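Keep in mind the model is a prediction, meaning the values are calculated, not measured. Chain letters run A, B, ... following the sequence lines, proteins first and then strands; every chain starts at 1.
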Protein chains: 2
Amino acid sequence: MVEQHASHLDTVFHALGDATRRRMLRDLSGGERTVGQLAEPFAISLAAASKHIKVLEQAGMIRREVRGRTHLCRLDPGPLASAHQWLTAYERFWTDRLDALDRLLREEDAANAP
Amino acid sequence: MVEQHASHLDTVFHALGDATRRRMLRDLSGGERTVGQLAEPFAISLAAASKHIKVLEQAGMIRREVRGRTHLCRLDPGPLASAHQWLTAYERFWTDRLDALDRLLREEDAANAP
DNA sequence: CTCATATTCAACCACATGGTTGAACAACAC
DNA sequence: GTGTTGTTCAACCATGTGGTTGAATATGAG
């Protein structure tokens, strides 16, 4: 609930706000990928893909190991976990409220059917 | 895992990528708020706050009821739930991978301590 | 050394974003 | 009616975003 890592969450959610980058994360969930492999599914230049990867990297969601002339990327689940955690905090709130609404409607029902 | 609501997730995650809007959601988790009430904590113009609220509204995360001259906003948990769901799918992947790593390290331990 | 491969960098472009201000609109108060 | 309150709209501005292209860098292959 508390907004402690504000600017970090900013970058994480922003990184998630693009389908290209989410697809890259999906591919990375299958294991390590090079920059070229990550770029392959898209009809964009390598330079554009490289920028997307940098966004994910700066959000801390992926890490890069330069091996020879290729850059191997792998998922770092930490930031995804923080985003998940943030949403989970809200989940408690909204399920509570929906539960309360549910209870209210049931009481109303009970009152109307003596 | 599947990217079915791509463009919708785009707008939801984008809306979450701003601390001002996340704070508004936090306030709305406490119940209905007017535009003025939502804007109050921030040192920005009402027009700017109005734009933020419109972003949340277009992402489907809040709904607005115009009552008299005031606009009452309330949370719609649905889109937050989809974002949560998306992240949950990835959570399964990364916990699987961390579990595998854990198992590997334990096996290594066992081998080194006969 | 030369050539090809993998990736980044720099400059540029169109468009979106987040902010401002001042005017407009709508509804309540007098 | 007049005035005040709650909110939006329109025009504008600076900066960020996602894309391009062509050149630069670094490594591997012959």
Grab the [atom1]-[atom2] distance between [X] and [N] for me, whole Å please.
| X | N | atom1 | atom2 | value |
| --- | --- | --- | --- | --- |
| B/Gln58 | C/dG18 | CD | C1' | 15 Å |
| B/Phe13 | D/dT17 | CZ | P | 18 Å |
| B/Ile44 | D/dC13 | CD1 | C1' | 17 Å |
| A/Ile62 | C/dT7 | CD1 | P | 12 Å |
| B/Glu57 | D/dT7 | CD | P | 13 Å |
| A/Arg23 | D/dG18 | CZ | P | 18 Å |
| B/Asp10 | C/dT17 | CG | P | 11 Å |

Point to revise | Polar side-chain atom of B/Gln37 near backbone of B/Thr34 as donor-acceptor pair, under 3.5 Å | key: yes
If you restrict it to nitrogen or oxygen atoms, what contacts under 3.5 Å exist between nucleotides 26-30 of chain D and the protein, and what is each distance?
unit_1, atom_1, unit_2, atom_2, d
D/dT27, O2, A/Arg69, NH1, 3.2

Using 0.5 Å steps for rounding, measure from the CD atom of B/Glu57 to the NE2 atom of B/His52.
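Taking CD in B/Glu57 and NE2 in B/His52, the distance rounds to 14.5 Å.
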Rounded to the nearest 0.5 Å, the CZ atom of B/Phe42 sits from the CE atom of B/Met24 at a distance of 5.0 Å
With the threshold set at under 4.0 Å for non-hydrogen atoms, list the residues of residues 33-43 of chain A touching DNA chain C in residue-number order.
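Correct list: A/Thr34, A/Val35, A/Gly36.
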Provide the closest heavy-atom pair for [X] versus [Y] in the form atom of the first, atom of the second, distance.
| X | Y | result |
| --- | --- | --- |
| A/Cys73 | A/Leu28 | O-CD2, 3.3 Å |
| A/Leu16 | A/Arg22 | O-NH1, 2.6 Å |
| B/Met61 | B/Val12 | CE-CG1, 3.9 Å |
| B/Val66 | B/Gly68 | CG1-O, 3.6 Å |
| B/Leu46 | B/Ala39 | CD2-CB, 4.1 Å |

Listed nucleotide nearest any side-chain atom of A/His52, set D/dG6, D/dG19, C/dG19: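 Of the candidates, D/dG19 comes closest.
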Identify which nucleotide among C/dT7, C/dG18, C/dG19 has an atom closest to any side-chain atom of A/His71, counting heavy atoms from C-beta outward.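 Looking only at side-chain atoms, A/His71 lies closest to C/dT7.
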> Just wondering, do B/Asp27 and B/Leu38 contact through their side chains at under 4.5 Å, heavy atoms?
Replying inline: yes
Is there side-chain contact between B/His14 and B/Arg21, with at least one heavy-atom pair below 4.5 Å?
yes
On the nucleotide C/dT20, are OP1 or OP2 found under 4.0 Å from the side-chain N or O atoms that B/Ser45 carries?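 Yes, B/Ser45 has a side-chain N/O under 4.0 Å of OP1/OP2 on C/dT20.
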**Asked** Looking only at side-chain N and O atoms, does A/Lys54 come under 4.0 Å of OP1 or OP2 in C/dC9?
**Response**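 So the side-chain polar atoms of A/Lys54 do come within 4.0 Å of the phosphate oxygens OP1 or OP2 of C/dC9, strictly under.
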**Study point:** Touch class at under 4.0 angstrom, heavy-atom based, for B/Leu46 against every strand present
**Key:**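 Base contact.
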Taking A/Val55 as the starting point, is it possible to reach A/Val35 by hopping between hydrophobic residues whose side chains are less than 4.5 Å apart?
no
- Carefully, step by step, assess A/Ile62 and A/Asp76 under the rule side chain to side chain contact (heavy atoms under 4.5 Å, CB included). CA-CA 5 Å; A/Ile62 71 179; A/Asp76 182 348; 5.9 Å; no
Taking only N/O atoms, report every protein-nucleotides 10-14 of chain C pair under 3.5 Å with atom names and distance.
none

